[in-house]
Amino acid sequence: MSWLHLMIFIPFVFAIFVPFVYKWFSGRVHTGWFVLAAPLAVFLYLLKYIPSISNGETIRLDLPWMPSLGINYTAYIDGLSLIFGLLITGVGALVVLYSIYYMSKEREALHNFYVYMLLFMGAMLGLVISDNILVLYVFWELTSISSFLLIAYWYQRKNSRNGAQKSMLITIFGGLAMLAGMIMLSMMADTYSIREMLGHTNRITGHLLFFPAMILILLGAFTKSAQFPFSIWLPDAMEAPTPISAYLHSATMVKAGIYLVARFTPVFGGTSEWFWIVSCIGLITLMYGSVNAVNQKDLKGLLAYSTISQLGLIMSLLGIGSASLYFGYGDESTVYAFAILAALFHLINHSTFKGSLFMIVGIIDHETGTRDIRKLGGLMSLMPISFTLTIIGSFAMAGLPPFNGFLSKEMFFTGVLTVFESPVFEMKSLGLLFPIIAWVASVFTFIYCMILVFKTFMGKYRPERLDKEAHEAPIGMLLPPIILSCLVIVIFFFPNIVSDHLLQPALTAVLPQFAEAGGIEVNITPWHGWSTELFMTMGVVGFGVLMYRSLKKWSRLYGYFPQALTLNGIYNHLLAGMERISLKLTKQYMTGFVRDYLVYIFTFMVFLLGRSLWLSNDLSFDLSNNAPIHLYEAGVILAMLIAALTVLFSKSRFTAIIAVGALGYLVSLFFVIFRAPDLALTQLVVETVTAALFLLCFYHLPELRKERSSIPFKFTNLLVSLGVGTIVTLLALSANNHRLFESISSYFEDSYTLAGAKNIVNAILVDFRGLDTMLEILVLCIAGLGVYTLIKLQLAGRDKK
């Protein structure tokens with residue numbers, strides 16, 4: 001195992017030891033100090049790859065997993081995966097540091113919190129550094145499971161459980177769709193490696209499965225990154241503690257879908273379908289998130305919808321920039337490639353200012369006892385550091401200088417103007433909608449940023465509305481957002497440090513045609529003249545100020561929109577409808593009678609097997625090669641038939657038990673005839689024990705009473721019985737006459753040489769099927785531990801009484 005693979009698995013290893021650390025040091029040392037070492041170590045390790053990646057190198061290391069199936073954990077680091085790896089571990093380390101002061105070691109179940117956090121961190125690392133699509137999917141679903149546990153951390157609250165359920169249903173649905181798309185993609189490219197797929201793009205693009213695979217993979221990306229109309233799970237996920245929100249929804253989970261789109265852009269990009277779907281869904285999400293953020297009364301709800309809008313901005317830029325692959329390498333390609341660069345730049349910027357804002361909102365909630373904007377105000381003098389950090393983060397999100405969000409927002413305007421000025425895929429007049437939607441959404445972004453600052457910190461301080469007396473947070477809680485806010489300002493003044501070492505390598509990873517040409521020159525400057533983009537920004541500020549000042553007048557329009565038509569209303573209606581239909585359907589077949597269940601099972605079996613035999617034309621009977629049936633074998637079969645009929649028609653329980661035992665002993669006699677003494681011995685032991693137990697149980701039951709009742713004849717039961725008997729007989733006879741493969745028995749004939757066992761059955765169970773036998777023993781051990789635990793819990797409960 002390489003050091004890179006070891007670093008990916010470090011969070012999982014730490015997760016194993018967290019419960020023990022929590023138990024040993026509970027009440028003395030905060031568990032977060034132990035956990036902090038994991039993301040910090042991986043972050044420092046990944047930093048060493050920056051020089052080599054910035055020089056155009058890539059790192060690929062294989063870890064064998066299932067080599068016979070072509071499935072290995074291939075760790076692949078290029079510019080794109082390095083950016084995400086640094087964000088996951090860097091922001092993760094700051095979030096863990098923040099949680100040490102936010103999460104009480106006396107009141108919170110920190111062992112659960114940090115185990116879930118480390119599982120999520122490891123899953124995200126494995127996802128972004130994986131080159132094998134099946135391994136990527138495994139980590140993808142692990143992020144869904146761990147995020148479900150994180151969102152439901154305060155499971156005592158109904159809203160937390162509902163939010164976790166909603167996120168699970170939506171993201172798991174997308175993940176399953178993505179798996180189907182990836183399987184199609186692997187069939188088209190004949191490989192599981194994303195890198196190798198890039199060499200087969202012509203074959204993939206011309207395949208009939210191209211469009212279905214693209215749609216399914218995009219479903220996975222859109223659900224994970226809360227794109228419209230799947231964005232409803234993100235606001236409900238705000239019920240989780242603030243450190244979780246800061247980590248999941250600023251730098252990690254919601255960015256997984258962004259990563260997926262960026263990673264598969266070289267495969268699907270350059271086509272009109274990819275361009276239109278990704279860019280349009282991104283713009284709709286941008287508008288949807290920014291408009292709804294203005295109407296929020298909860299600070300975390302405002303940040304949730306702002307996250308949706310920012311993710312839509314990044315997604316739209318990835319869609320616009322994918323047109324660069326249509327042109328190949330040239331001036332037109334470079335123009336569209338600038339949108340990809342803007343997306344990657346805003347990805348980094350968003351993680352810095354949004355992570356800081358989430359932490360500040362957590363501080364406000366922690367120190368005042370509320371996040372309700374209507375109760376807040378006048379906190380500027382009481383919480384001056386938090387106020388300063390909020391201005392930095394909010395103004396960066398609004399796209400104002402001197403903060404990094406201004407640079408990427410200007411680049412965003414450049415990207416949408418490119419579509420208008422240099423239309424592609426016959427856009428023509430539709431290209432005008434791109435800059436219009438972008439500008440209007442930016443106005444709403446400016447408004448909710450002003451709400452965040454001025455409604456919270458300006459105005460009159462009203463302590464009677466707060467649960468606590470407001471005061472500034474301790475320095476330990478302020479340190480992580482201070483670091484992120486410093487990065488917001490530093491990146492504005494020195495953007496080309498980030499561009500040269502991170503953005504350009506990531507750009508060549510998304511657009512490989514530039515890697516072959518030596519890359520493109522990128523020079524990001526705060527001032528680039530009196531351009532259209534600058535005038536758009538000035539218009540955003542001017543119009544945004546006017547709309548903010550008149551917010552009370554026009555915000556009433558939100559109340560006129562019917563709640564039943566909102567995405568949440570539609571989701572709740574669909575969920576209630578599915579529950580109602582499933583309940584009605586369940587009541588139809590869950591009658592409480594075993595005979596009804598058997599009728600369903602046997603009817604399905606007859607239909608499925610009968611139809612398969614009929615369509616495959618495999619009904620054939622050749623009894624010439626069968627061994628002759630001897631007289632004593634016929635006698636045993638007749639005796640078995642008599643024993644079975646005795647069970648059905650006996651009027652005494654004792655007679656029925658004896659008949660059942662006799663039937664079992666006759667079966668064991670057949671095993672002896674067919675030279676299977678070990679099976680015969682097992683059958684004899686089982687029948688003896690069963691008969692004894694039956695006799696012990698039925699001895700204490702009352703005698704059977706004579707009752708005269710007419711049993712109604714059911715034609716349905718007759719049909720099902722005849723059908724099952726006929727199908728099983730036909731299947732057995734047909735199977736005996738079809739040999740698709742050579743018999744495996746010849747392989748096991750040499751069991752003594754291969755396994756040192758004279759009994760073939762024992763050799764199969766112990767040596768050839770050793771793993772299966774070991775797992776069966778493991779199941780028994782787990783069941784034993786479960787019984788032991790229940791006994792211990794029962795004894796402990798009695799002791800307490």
Listing, residues 476-491 side-chain donor-acceptor contacts under 3.5 Å, not counting sequence neighbours, or none:
residue : atom : partner : partner atom : Å
S485    : OG   : S356    : OG           : 3.1
S485    : OG   : P481    : O            : 2.8

Does any part of the side chain of F120, heavy atoms only, come nearer than 4.5 Å to the side chain of L149, both counted from C-beta?
no
Sub-3.5 Å donor-acceptor pair from the side chain of Y259 to the main-chain atoms of V128, do we have one?
yes
Closest contact, heavy atoms only, S193 versus T191:
N-OG1, 3.1 Å
Going by the rule side chain to side chain donor-acceptor pair (under 3.5 Å), which residues pair with N159 if we only count those two or more places apart in sequence or in a different chain?
none
Residue pairs passing the salt bridge (charged side-chain N to carboxylate O under 4.0 Å, His left out) test where at least one lies in residues 476-485, sequence neighbours excluded:
none
Sequence neighbours excluded, the answer for salt bridge (charged side-chain N to carboxylate O under 4.0 Å, His left out) partners of D62 is none
Minimum heavy-atom separation for M359 to A246, with atom names?
CG-CB, 4.3 Å
If we only count heavy atoms from C-beta on, is the L218 to V278 side-chain gap below 4.5 Å?
yes
Please list all pairs passing the salt bridge (charged side-chain N to carboxylate O under 4.0 Å, His left out) test where one or both residues lie in residues 298-308, with sequence neighbours left out.
D298-R371
Mind listing the closest non-hydrogen atom pair of L125 and P11 along with its distance?
CD1-CG, 4.2 Å
So which heavy atom on L502 is nearest to which on I83, and how close?
O-CD1, 3.7 Å
List the atom pairs, with distances to 0.1 Å, where a side-chain N or O of residues 31-51 and a protein N or O form a donor-acceptor pair under 3.5 Å, not counting sequence neighbours.
residue : atom : partner : partner atom : Å
Y45     : OH   : L4      : N            : 3.3
Y45     : OH   : Y49     : OH           : 2.7

Quick one: side chain to side chain donor-acceptor pair (under 3.5 Å) pairs with a partner in residues 78-95, sequence neighbours left out?
D78-S81, D78-R263
Side chain to side chain donor-acceptor pair (under 3.5 Å) partners for T307, two or more places apart
K354
Passes ring pair (Phe, Tyr, Trp, His ring centres under 6.0 Å), F139 versus Y73? Steps please.
CA-CA 11 Å; F139 284 115; Y73 184 21; 5.5 Å; yes
Pairwise side-chain contact, M238 with F358, heavy-atom cut-off 4.5 Å (strictly under)
yes
Nearest heavy-atom pair of M397 and Q310: which atoms, and what distance?
CG-NE2, 4.0 Å
Filter on salt bridge (charged side-chain N to carboxylate O under 4.0 Å, His left out), then keep only pairs touching residues 132-147, sequence neighbours left out; what's left?
none
Under 3.5 Å, is there a donor-acceptor pair between the E106 and S104 side chains?
yes
Examine distances only and state if a side-chain atom of T368 and a backbone atom of K468 form a donor-acceptor pair shorter than 3.5 Å.
no
Would a 4.5 Å heavy-atom cut-off, applied to side chains only, mark L94 and Y247 as touching?
no
Tell me whether T285 contacts the main-chain N or O of F228 through its side chain, where contact means a donor paired with an acceptor under 3.5 Å.
yes
Quick one: list whatever passes side chain to side chain donor-acceptor pair (under 3.5 Å) with N349, sequence neighbours left out.
N404, S408
For residues 120-130, pull every pair meeting side chain to side chain donor-acceptor pair (under 3.5 Å), keeping only residues two or more places apart or in separate chains.
none
Does F353 form a ring pair (Phe, Tyr, Trp, His ring centres under 6.0 Å) with H350? I'd like the steps, not just the answer.
CA-CA 6 Å; F353 62 69; H350 178 260; 5.6 Å; yes
Is any side-chain heavy atom of V267 closer than 4.5 Å to one of I217?
no
Going by heavy atoms in the side chains, are W3 and L61 under 4.5 Å from each other?
no
Give every residue pair that meets the salt bridge (charged side-chain N to carboxylate O under 4.0 Å, His left out) criterion with at least one member in residues 222-248, sequence neighbours excluded.
K166-D236
If we ignore angles and hydrogens, is there a donor and acceptor under 3.5 Å between the side chains of Y98 and T242?
no
S54 and Q504: side-chain hydrogen bond (donor to acceptor under 3.5 Å, both in side chains), yes or no, with the steps?
CA-CA 8 Å; S54 61; Q504 292 197 48; over 6 Å; no
